[in-house]
Colleague: 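There's a structure below that I have some questions on.
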Amino acid sequence: MLKRMFAVAALLLPMLAGAEEIGQVSTVFKFVGPNDRIVVEAFDDPKVDGVTCYLSRAKTGGLKGGLGLAEDRAEASIACRQVGPIHFKGDLKDGEEVFKERTSLVFKTMQVVRFLDKKRNTLVYLVYSDRLIEGSPQNAVTAIPIVPWAQQ
């Protein structure tokens, strides 16, 4: 039974394409398994060169967390920054998903979507958590004005 659960977890938990862990801090000590923690990760927008987003979010520890069976909390924070010249790799669609990660074994995900505010020449990124049956209104937003990058 446990072997089957590990096989299912390995298939269902996605790899973070392009996301890298920047750091983490422990928030709750656990006697068995990893501690609860806050993790900071970075990923580059796959359709916009010159933009990197940083996410901070809670990761549940303990025995279930160590096995990948725990459900992480819905709270997340996001900060996206221009890190080079901005160049679009094709057309951008409002509400387009730029990052997604499972925060429970099956039913819950954390997503980052992008909007283009043409009137203000700004990219807007929204992070939120959803669940198959019932989502969460908790969210965070960040914006990047599109400005010329200084030439060196």
Colleague: With a 3.5 Å cut-off and sequence neighbours excluded, list the donor-acceptor pairs that the side chains of residues 91-98 form with protein atoms.
Modeller:
unit_1	atom_1	unit_2	atom_2	d
Asp94	OD1	Leu116	N	2.9
Glu96	OE1	Lys93	N	3.3
Glu96	OE1	Arg114	NH1	3.0
Glu96	OE2	Lys47	NZ	3.1

Colleague: Can you tell me how far the CD atom of Glu41 sits from the CD atom of Glu20, to the nearest 0.5 Å?
Modeller: 9.5 Å

Colleague: Working to the nearest 0.5 angstrom, can you tell me the gap between Ile144 CD1 and Cys53 SG?
Modeller: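 It is 5.5 Å, given to the nearest 0.5 Å.
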
Colleague: Once rounded to the nearest 0.5 Å, what's the spacing between atom NZ of Lys118 and atom CD1 of Ile146?
Modeller: 10.5 Å

Colleague: Go through Leu55 and Tyr125 one step at a time and tell me if the side chain to side chain contact (heavy atoms under 4.5 Å, CB included) criterion holds.
Modeller: CA-CA 11 Å; Leu55 290 172; Tyr125 293 84; over 6 Å; no

Colleague: Within the 4.5 Å heavy-atom criterion, are Phe115 and Val141 side-chain neighbours or not?
Modeller: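 In short, these two side chains do not touch, never coming nearer than 4.5 Å.
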
Colleague: Tell me who clusters with Ile38, hydrophobic residues only, linked when side chains sit under 4.5 Å apart either directly or through other members.
Modeller: Val25

Colleague: Any non-hydrogen side-chain atom of Val127 less than 4.5 Å from a side-chain atom of Phe99?
Modeller: no

Colleague: Under the criterion side-chain contact (heavy atoms from CB on, under 4.5 Å), which of Ile22, Val39, Val40 is the partner of Ser56?
Modeller: Val40

Colleague: If every non-hydrogen atom of Gly50 is compared with every non-hydrogen atom of Ile86, which pair is closest and at what distance?
Modeller: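 The answer is O-CG1, 4.4 Å.
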
Colleague: What pairs of donor and acceptor atoms, side-chain ones from residues 76-85 against any protein atom, are under 3.5 angstrom apart with sequence neighbours left out?
Modeller:
unit_1	atom_1	unit_2	atom_2	d
Gln82	NE2	Gly84	O	3.1
Gln82	NE2	Val147	O	3.3

